[in-house]
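Below: one structure, written as structure tokens.
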Amino acid sequence: MTKRRSRTGNIIAGLAAFLAVCGFNLLYQIRSESTMLSNSVFCMAAFAAFLYLGIRFFAGEVDRRLAVISLAGGLLFSAMTCFGFSLNYTDTIWQPNVFPAVLCLTPFFGICTGFGLRTLAQGGCAEKRTLAGAEDSSRPAKLWKDFSARVSGLSGRKFYLLCFCVLFLSWIPVLLAAWPGIFSYDSGWQLAAFVDGDVTGHHPILHTALLGVTRMLGRALSGTGQAGNQTGALLYSLLQMLVMAALYARVCLYLRQRKAPGWLLVGSILFLGFHPANSLMALCATKDSIFTAVFAVFVVELLRMAEDREAFFASRKRQAVFCVTVFFLFAFRNNGFHTFLLCIPFLLFAFRRFWKKMLLLAVICLALYGIYNGPFYHMLGIEASDPREMCSVLMQSAARVYNLDNLGLTEEEKEAFLSIIDEEGMNSYLSRFADPVKAYFNGEKFAEDPWPFLKAWLSAGMRHKKIYIDSFLANTFGYWYPGNSIEDTDNGRDYFEYYCKDFREDVDVEMESKLPALSEFYRKIGNEASFQNVPVIAASFNLGAYTWLWIFACLLVLYRKSWKRALALVPFGAYFLTNLLGPVVKMRYHYPFIACAPLLFYLLWTMWKEAGSQRDGGSESMREDGTS
């Protein structure tokens, strides 16, 4: 590197560090507060840390591709940080300090992104890793080596059973703490619908049937009173634990088959088994739990397909497994269909050499969905889901402009809005929660003739663009802002509903903890978000942090042109888009991103490993040039 280039890099690093400090101060001025960075000592310490990172980044090679992708990533991360911060405290992104803060923080986030991309794209040195391992003769290293050797000696079936048992047993203490299970969210509504014979497509009927059948078995075993409900709840909890342990064990088996490093393999098992988010969801009687486990297996199937395309399309068994996996993706979450639908163009492009077979598989999957949602629903007398579930963005933006600028609406627009949403619903608008408005949304009338409402919505939106943008972002920013986005409510800081919700006496389940102290621990995590008091650890609970991990993986795929790995990232993006159209930000809705974090880390690791092999002249390079 020439001295001139080094000097230029240092100047850019210094400017980026200064702008970063200014950017963070601009953000906190939105709250009319100063930060520790306003103090000269902390300001200089932060500036020095940012400067050091920038100098380290520019000390290495920075090609045009890295610069462009890093800057684009930096702008995206900066915008999500600043927009999310402003929405969290002021409910709008149009504060005067927000966009200057975005510009100030973009170089800093760009440097951080570029540093990470280049580090992983350069790969590791196999020789150094080998020497480091040989020199480490400490007792922990020996124990780890012995443990790894024993695990490596297990057959695939034995390893799978080991993972299954570890996962299932790790959730037993949570079951005892929340005995007989966590029946919150919509489980009471589903059980009542099953008992009344009034099941609709609003919730997945397969999940509703599992809840109802286990309740019937419980009442057959323990009587028709509350004891029967409790036994039925226990049976459902055990069934869900078995299913999720079996599916997550498949994920762990895949990592082992692909020779993932020990830290990632063991870390994945511990994360899936013991992280409170996973432990609580394993015991929560919501459709999202089993759906997420199926989603993880779907991602694994895409990875297997991409790694050996010829073997997949030559095997009818593997194709059948793929179709079954996709069907259960539909069956346990209504937006599983939309997730797969958005994946189809990418599947056809990725497997264009086998496009006829891939198209046939897609048609088979869609046909299964059509039969399931059509003739099968009709045979059971089940009504389709209400169209209002897909209209959260429309109703929230209409209600927001109705409340914030009522005089700016024409009489025709008001009439069109109120013909679909009652005025009481309009007045109950909450920026982060669409259900109050949705409760007054006339879905049947909208389905019959949506055009007057849509016409009024479009015409009002042309004059209220900022309000519409705020409405959309305020209802979704918890998914992409890696900060404190959990609201204070009457029930506390609701991260996870750790209780059994009262719905109707004949279907209610009561939580009778066998381990009260552990139950209180989980209650504080779920209902009070107590993890926010623990720095660093709190990030593992933050929904936005997992979204950022996925975005970074996408940027690395783009930078390395590792298109084979890109296919596994598509379902995350498709599912994320469906979440953005939802009524509220909830951990359970974003749970697939959390549970699949080990697979995202695996993708990052395998690209790092391949880069090292390419650099060292290895023969087993899996990087593609896009011509296959």
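Below, each value reflects all heavy atoms present in this structure, side chains not excepted, and no hydrogens, waters or symmetry copies.
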Working to the nearest 0.5 Å, report the span between [atom1] of [X] and [atom2] of [Y].
| X | Y | atom1 | atom2 | result |
| --- | --- | --- | --- | --- |
| K564 | L603 | NZ | CG | 12.5 Å |
| H590 | R588 | NE2 | CZ | 14.5 Å |
| F330 | T325 | CZ | OG1 | 11.0 Å |
| L210 | I290 | CG | CD1 | 6.0 Å |

Between the side chain of [X] and the main-chain N/O of [Y], is any donor-acceptor distance below 3.5 Å?
| X | Y | value |
| --- | --- | --- |
| D308 | A311 | yes |
| Q240 | C284 | yes |
| S170 | V166 | yes |
| Q190 | G212 | no |
| Y369 | I364 | no |
| N334 | G201 | yes |
| W355 | F349 | no |
| T214 | L235 | no |
| S279 | G273 | yes |
| E497 | Y185 | yes |

Heavy-atom neighbours of [X] [atom1] exceed 12 at 6.0 Å:
| X | atom1 | result |
| --- | --- | --- |
| F346 | CZ | no |
| F194 | CZ | yes |
| F337 | CZ | yes |

Aromatic plane relationship, F477 with Y481 - under 30° parallel, 30 to 60° tilted, over 60° perpendicular: tilted

Measure up the F572 and F593 rings against each other and bin them: parallel (under 30°), tilted (30 to 60°), perpendicular (over 60°).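 Answer is perpendicular, since the angle exceeds 60°.
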
Is there a side-chain hydrogen bond (donor to acceptor under 3.5 Å, both in side chains) between T286 and H207 once you walk through the steps? CA-CA 8 Å; T286 176; H207 183 253; over 6 Å; no

F332/F295 under ring pair (Phe, Tyr, Trp, His ring centres under 6.0 Å): CA gap, chis, key distance, verdict: CA-CA 10 Å; F332 277 99; F295 184 93; over 10 Å; no

With a 4.5 Å heavy-atom cut-off, do [X] and [Y] have their side chains touching?
| X | Y | answer |
| --- | --- | --- |
| Y498 | I525 | no |
| C500 | I182 | no |
| W608 | T119 | no |
| E301 | V326 | no |

Ion pair present between K586 and D288, side-chain N to carboxylate O less than 4.0 angstrom?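 Salt bridge: no.
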
May I ask you to say whether R353 pairs ionically with E310, meaning some side-chain N is under 4.0 Å from a carboxylate O? yes

Taking all non-hydrogen atoms of both residues into account, name the closest pair between [X] and [Y] and its distance.
| X | Y | answer |
| --- | --- | --- |
| L117 | S70 | CD1-OG, 4.2 Å |
| T200 | W189 | OG1-CH2, 3.7 Å |
| F298 | L329 | CD2-CD2, 4.1 Å |

For the residue pair R118 and Y559, confirm or rule out a side-chain donor-acceptor distance under 3.5 Å. no

The test is ring pair (Phe, Tyr, Trp, His ring centres under 6.0 Å); show your working for F164 and Y248 and say whether it passes. CA-CA 8 Å; F164 172 83; Y248 283 158; over 10 Å; no

For Y589 together with F291, are the ring centres under 6.0 Å from each other?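 Centroid separation for F291 and Y589: 6.0 Å or greater.
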
Compute the ring centroids of Y575 and H338, then answer whether they are less than 6.0 Å apart. no

Ring-face cation of R250 near Y160 (centre distance under 6.0 Å, axis angle within 45°): no

Do R318's NZ or CZ and the ring of F312 fall within the cation-pi criteria of under 6.0 Å and 45°?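 Geometry flag: not set, cation outside 6.0 Å or 45°.
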
